[in-house]
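Residue numbers start from 1 in every chain, and the chains themselves are labelled A, B, ... in the order their sequence lines are given, proteins ahead of strands.
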Protein chains: 2
Amino acid sequence: MVIEAAFEELLEQGADGVTMLKIARRAGASKETLYSWFGNRDGLFSAMIRSNADATAERVASALDGDDDPRDTLSTFATGLLRLLTDQRSLALNRAAMTNSVLAAELLASGRHRVGPIVESYLAATSASGVLAVVDPATAFETFYGLVIRDTQIRVLLGEQPPSPKALRARGETGTDQFLALCERGLA
Amino acid sequence: MVIEAAFEELLEQGADGVTMLKIARRAGASKETLYSWFGNRDGLFSAMIRSNADATAERVASALDGDDDPRDTLSTFATGLLRLLTDQRSLALNRAAMTNSVLAAELLASGRHRVGPIVESYLAATSASGVLAVVDPATAFETFYGLVIRDTQIRVLLGEQPPSPKALRARGETGTDQFLALCERGLA
DNA sequence: TCATATCCGTACTCTTCAGTACGTTTACTC
DNA sequence: GAGTAAACGTACTGAAGAGTACGGATATGA
């Protein structure tokens with residue numbers, strides 16, 4: 001599949017090293033086919049962003065789906081979010097979008113602005129049921145995000161090694177504990 | 001000055017739109033002069049990164065310098081950090097470095113890894129004097145960073161409008177309050 | 001078997017830009 | 001004002017890649 005080949009090229013060569021010819025060769029397709037399917041280079045990148053975003057939104061929604069203890073749900077979700085944002089594909093797409101305003105807007109729309117509301121409605125519902133007290137779901141999610149992600153994403157975007165799975169889990173749990181502590185004091 | 005001209009080009013054209021010729025013209029210099037001063041394109045970008053980092057480190061150190069109430073010091077510092085990370089020059093440099101591993105490493109070294117220790121030693125000293133209780137200065141700084149910056153930097157990197165100065169200040173204060181609350185409970 | 005649509009491979013155009021070469025000009029020093 | 005070094009401007013080379021053109025292959029279905 002072409003999108004798969006494009007991701008492989010992207011991971012190996014970086015955003016600047018990706019060429020339509022290399023992708024075509026790896027996919028066993030011709031350049032002309034790529035152009036007829038995706039229009040141009042940006043179109044192909046758009047398709048990659050959408051493909052990644054679809055997989056993401058689905059996972060986020062299902063992580064917040066059960067009715068376990070909010071601490072467990074949030075902590076699992078936190079770990080998943082960290083894993084997602086330090087995943088090589090996401091990183092490469094973020095790097096590529098960073099220097100292209102159209103792609104950047106698409107990435108924001110299909111990523112942050114699609115995931116945000118899902119989490120916010122979870123926080124609102126949980127808060128309404130009295131288990132958890134958040135002042136405002138939107139700012140609460142930002143606080144949660146900050147406590148979990150910290151400077152991790154920007155550092156790996158700039159080339160640092162991503163934290164180990166174990167470290168990710170620890171971070172997810174600590175961040176969740178900190179978030180719940182702030183909730184208890186009415187500071188989230 | 002050449003570096004100034006380069007920054008202007010970078011802000012107007014974006015990282016990909018910057019060419020040595022345009023910079024030379026804007027600076028009233030010749031391409032050959034640029035090459036003799038900076039070696040090559042990356043050398044010029046390195047110089048820009050260093051120039052920006054020097055200004056930054058100085059401001060950070062002086063913000064943490066006085067012996068005011070830690071809440072005031074931290075809150076002022078927080079606002080400054082937010083302003084710094086959403087500043088157009090920093091953003092443009094981050095975007096440019098994101099697709100160039102050498103520049104990325106330089107940006108990390110002269111930015112995050114230079115500012116971090118300064119803040120950590122402030123936290124350690126303040127903690128030692130009993131005014132504030134942090135478990136570990138390094139993770140405490142990460143927590144503080146997360147509470148202040150949240151997803152602001154990545155969003156503006158992807159093209160969103162930076163928050164207003166007023167919003168930045170509010171964020172700096174709220175983030176500081178949250179951080180101090182976590183300190184009190186031994187969670188930072 | 002024929003018709004049609006899709007796709008492959010190759011080759012071509014066009015543009016852009018990094019980096020270099022070089023002759024001329026400015027400016028400073030003695 | 002002669003000598004020297006730095007810097008200007010213009011022109012050139014070379015490489016790379018986006019996008020296009022087209023003839024030939026392959027498949028599908030009537």
Side-chain angles (χ1 to χ4, degrees), chain A residues 1-52 89 92-107 159, chain B residues 1-52 89 92-107 159:
Chain A
M1 191 198 181
V2 173
I3 303 270
E4 275 311 305
F7 269 116
E8 288 166 20
E9 280 292 324
L10 182 60
L11 293 197
E12 287 176 18
Q13 314 279 334
D16 288 348
V18 173
T19 75
M20 297 299 267
L21 181 59
K22 286 187 199 159
I23 294 172
R25 272 216 253 273
R26 188 186 285 254
S30 77
K31 259 175 79 170
E32 199 171 38
T33 302
L34 263 62
Y35 279 98
S36 91
W37 287 5
F38 302 103
N40 55 28
R41 194 173 187 272
D42 280 2
L44 177 53
F45 274 92
S46 287
M48 295 167 76
I49 288 175
R50 277 194 303 274
S51 154
N52 206 53
R89 290 196 175 192
L93 285 179
N94 270 278
R95 292 193 192 102
M98 208 76 60
T99 49
N100 179 319
S101 56
V102 175
L103 294 180
E106 283 185 29
L107 190 59
Chain B
M1 192 200 179
V2 173
I3 303 271
E4 276 310 305
F7 269 117
E8 288 167 19
E9 279 293 323
L10 182 60
L11 294 197
E12 286 176 18
Q13 314 279 333
D16 288 348
V18 173
T19 75
M20 297 299 267
L21 180 60
K22 286 187 200 159
I23 295 172
R25 273 216 253 273
R26 187 186 285 255
S30 77
K31 258 176 81 171
E32 199 172 38
T33 302
L34 262 63
Y35 280 98
S36 90
W37 287 5
F38 301 103
N40 55 28
R41 195 173 185 272
D42 279 2
L44 177 53
F45 274 92
S46 286
M48 295 167 76
I49 288 175
R50 277 194 302 275
S51 153
N52 207 52
R89 291 196 174 192
L93 285 179
N94 271 278
R95 292 194 192 102
M98 209 72 67
T99 49
N100 179 317
S101 57
V102 176
L103 294 181
E106 283 186 27
L107 191 60

## Note on the structure
Heavy atoms of A24(A) and S30(A) approach each other most closely as CB-C, 3.8 Å

### Message
Please tell me if S30(A) has a side-chain N or O lying less than 4.0 Å from either OP1 or OP2 of dC7(C).
### Response
no

### Task
Mind calculating the distance between CZ (R26(B)) and C1' (dG9(D)) to the nearest angstrom?
19 Å

### Task
Return no unless some side-chain N or O of W37(B) is found under 4.0 Å from OP1 or OP2 of dA7(D).
yes

### Query
Just how far is it from atom CG of D16(B) to atom CG of L10(B), taken to the nearest 0.5 Å?
10.0 Å

### Task
Would you indicate whether the side-chain heavy atoms of E12(A) and K22(A) approach each other to under 4.5 Å?
no

### Message
Across nucleotides 11-24 of chain C, 5' to 3', mark each nucleotide with B, S or - according to how protein heavy atoms within less than 4.0 Å reach it.
### Response
------SBBBBB--

### Task
Identify whether the distance between the nearest side-chain nitrogen and carboxylate oxygen of R89(A) and E4(A) falls below 4.0 Å.
yes

Solution key, residues 41-51 of chain A side-chain donor-acceptor pairs under 3.5 Å, sequence neighbours excluded:
residue	atom	partner	partner atom	Å
R41(A)	NH2	A15(A)	O	3.2
R41(A)	NH2	V18(A)	O	2.8
D42(A)	OD1	N100(A)	ND2	3.4
D42(A)	OD2	N100(A)	ND2	3.3
S46(A)	OG	D42(A)	O	3.2
S46(A)	OG	E106(A)	OE1	3.0
S46(A)	OG	E106(A)	OE2	3.0

### Message
For a quick check of understanding: with a heavy-atom distance under 4.0 Å over all strands, which category does A29(B) fall into, base, sugar-phosphate or nothing?
### Response
sugar-phosphate

### Task
Write down the atom of A29(B), the atom of L34(B), and the distance for their closest heavy-atom approach.
CB-CD1, 4.1 Å

